[in-house]
J.: 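Sharing a structure below in structure tokens format, with a few things to ask.
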Amino acid sequence: MTVTISRTFSVNPHVTSLIDGESVPLRASGEDIAVVNPTNETQISQLREADADEVDAAVRSSRRAFDSGPWPRMDITERKDILYSIRDHLRKNAEELAYLECLNTGLPLHSVRGHVQRMARNFEFFAEVASTVHGETYTQTAGYLTYVTREPKGVAGCIAPWNAPLALASMRVATCIPWGNTCVLKPSEYTPLSMRRMVEIFHEAGLPPGVVNLVNGRGAVTGNALVAHPGIDMVGFTGGTVTGRAIAAAAGRNLKPVALELGGKSANIIFDTADVERALDGALAGIFGNNGQQCLAGSRILVQRGIADALIERFVQRARKIRLGDPMLPTTEIGPLAFRQHMERVLSYVEVAQADGATLLTGGRRSAQHETGFFIEPTAVLAPHNDSRVCQEEIFGPFATFLVFDTLDEAIQIANSSKFGLVTYVWSEDLSTVMRCSREIRAGTVWVNTPMMRELRAPFGGYKESGIGRDGPQASLEFFTELKATIIPIDPVKMHRYGAS
Ligand code: NAD
């Protein structure tokens, strides 16, 4: 069933920060950043950048909410009720959130609707997990009881990217606050619209002021001020590897722990033992889903030689038929890229590929069908070898790179010859092939005969330069809580009495 957009929603002409549950008034001075609709390249709003003073106000508010506010001290049933209320309010406002996200990012409305449902589930799921947290007791040492409790860690700086703001920023917040932490969220400066509404909805749902504060602005200004702020206890970051490195270095100077969900150049391996029809569908979904802008894209498509020519030809035929267009339309499969500079960066890889001796199979240019908008034709290249830059660098667009391999060992070796290690897709009906890939490929997730399937109960994150840490019940518990051991003697202990005799 296709559902068209039922109505449009108003767009705030000026987006500011949201601190202590209140919209920050527009200051007389400050940097304004244009918020652009990538489908028609028009300005739809303006973001007033939060400077270091505004970030300081936000961190102080989150600090107060943590150090003396109700949230960390609240009975878990009450905290859970508020998190469930957030889930319900997100669902109630799903169309508005999806509309704003689609307008600002160019992601197809039908897929963004799915993201809103996912974010609602994220809050429900981590509320459940937090409600089951328990400690440990030790009684082995005679005369003593030792118990270990988990406590929320404090105030987090949460930083999110532009490629799926609702899904990813909500994950940052939903893995952080259920344990009793508070946070300051900084979304990407390119996509503030749905983020601002999301944090308003948190408050409409009953979240106490200061538990989630929102600051908006560029990474070098607002983000930097947040990460360097001494009032932050930890940083949760989703974004690019270069930025992740800078954030880890800045946080490290203050000895603050970081959880990093970073980039990828994931292998999508299609063996000649695969169900080729399904593998073809999976390869197309893996690189063209989310307008090609996804960390977990299967962007290096490795095909076994015997099936390579036919499969690549059919991939190209299908890529040429993908419906590119207005992301609000239910028939659209790929919308525009999120902003001009990004589109130009993606297109620059056509020359990079050709300089490395790759063959352009299809696409590689702006869409001729669209006079405005950051649309590019779904693109595919065949690379001569895995050392090519198009095999090693994250392009982050609808840009597939094919490689041909001969043996299972070679496929595993190519998959692992990358500085990244986020995910891998494996297509084969042969159990031993699948098991070898699962065991030997160095990536945080291996999807077998399926496109992306997010299992919230399992950890998600990357090996190598794809990240540090994981999102998931156990991993988020470890990152967002502190362990405290309390040691109590059953009877008064004998002590040496210094200076008593
Ligand atoms: P980015 O690294 O440019 O920006 C991410 C966020 O960091 C933005 O909010 C930005 O303003 C902020 N930022 C930039 N410099 C900063 C600094 N010095 N200090 C503090 N904050 C700073 O990433 P992007 O272009 O927004 O997103 C795309 C990248 O994110 C891709 O590499 C993609 O693979 C990655 N990503 C990873 C995951 C994952 O789960 N592993 C998910 C989605 C996206």
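Not measured: the values here are computed from a predicted model. The analysis underlying the following values was restricted to heavy atoms, covering all of them including side chains, and did not include hydrogens, waters or symmetry mates. For ligands, and for the atoms within them, numbers begin at 1 and follow the listed sequence.
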J.: Only one of E200, H14, R196 clears side chain to side chain donor-acceptor pair (under 3.5 Å) with S23; which?
T.: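 The option that passes is R196.
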J.: Using a 3.5 Å distance criterion without hydrogens, assess whether the side chain of S476 forms a donor-acceptor pair with backbone atoms of G472.
T.: yes
J.: Under a 4.5 Å cut-off applied to non-hydrogen side-chain atoms, are L382 and T401 in contact?
T.: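 Result no, sub-4.5 Å side-chain heavy-atom pair not found.
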J.: Does G210 offer a backbone N or O that forms a donor-acceptor pair with the side chain of S62 under 3.5 Å?
T.: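 Pair found, side chain donor or acceptor close to backbone of G210.
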J.: Could you go through ligand 1 and note, for every N or O atom, any protein N or O atom closer than 3.5 angstrom, writing the atom names and distance to 0.1 Å, or 'none'?
T.:
{"residue": "ligand 1", "atom": "2 (O)", "partner": "G240", "partner atom": "N", "Å": "2.8"}
{"residue": "ligand 1", "atom": "2 (O)", "partner": "T243", "partner atom": "OG1", "Å": "2.6"}
{"residue": "ligand 1", "atom": "9 (O)", "partner": "A160", "partner atom": "O", "Å": "2.8"}
{"residue": "ligand 1", "atom": "9 (O)", "partner": "K186", "partner atom": "NZ", "Å": "3.0"}
{"residue": "ligand 1", "atom": "11 (O)", "partner": "K186", "partner atom": "NZ", "Å": "2.8"}
{"residue": "ligand 1", "atom": "11 (O)", "partner": "E189", "partner atom": "OE1", "Å": "2.8"}
{"residue": "ligand 1", "atom": "11 (O)", "partner": "G219", "partner atom": "N", "Å": "3.3"}
{"residue": "ligand 1", "atom": "23 (O)", "partner": "G240", "partner atom": "N", "Å": "3.3"}
{"residue": "ligand 1", "atom": "25 (O)", "partner": "W162", "partner atom": "NE1", "Å": "2.8"}
{"residue": "ligand 1", "atom": "26 (O)", "partner": "W162", "partner atom": "NE1", "Å": "3.1"}
{"residue": "ligand 1", "atom": "30 (O)", "partner": "G239", "partner atom": "O", "Å": "3.2"}
{"residue": "ligand 1", "atom": "30 (O)", "partner": "G240", "partner atom": "N", "Å": "3.3"}
{"residue": "ligand 1", "atom": "32 (O)", "partner": "E394", "partner atom": "OE1", "Å": "2.5"}
{"residue": "ligand 1", "atom": "34 (O)", "partner": "E394", "partner atom": "OE1", "Å": "3.4"}
{"residue": "ligand 1", "atom": "34 (O)", "partner": "E394", "partner atom": "OE2", "Å": "2.6"}
{"residue": "ligand 1", "atom": "41 (N)", "partner": "L262", "partner atom": "N", "Å": "3.2"}
{"residue": "ligand 1", "atom": "41 (N)", "partner": "L262", "partner atom": "O", "Å": "2.6"}

J.: Measure from NZ or CZ of K153 to the centre of the six-membered ring of F479 and say whether it is under 6.0 Å with the direction within 45° of the ring axis.
T.: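 The answer is yes; both the distance and angle limits are met.
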J.: Counting only heavy atoms from other residues, nucleotides and ligands, does the tally under 6.0 Å from CZ of R60 exceed 12?
T.: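 Open: at most 12 neighbouring heavy atoms sit under 6.0 Å from CZ of R60.
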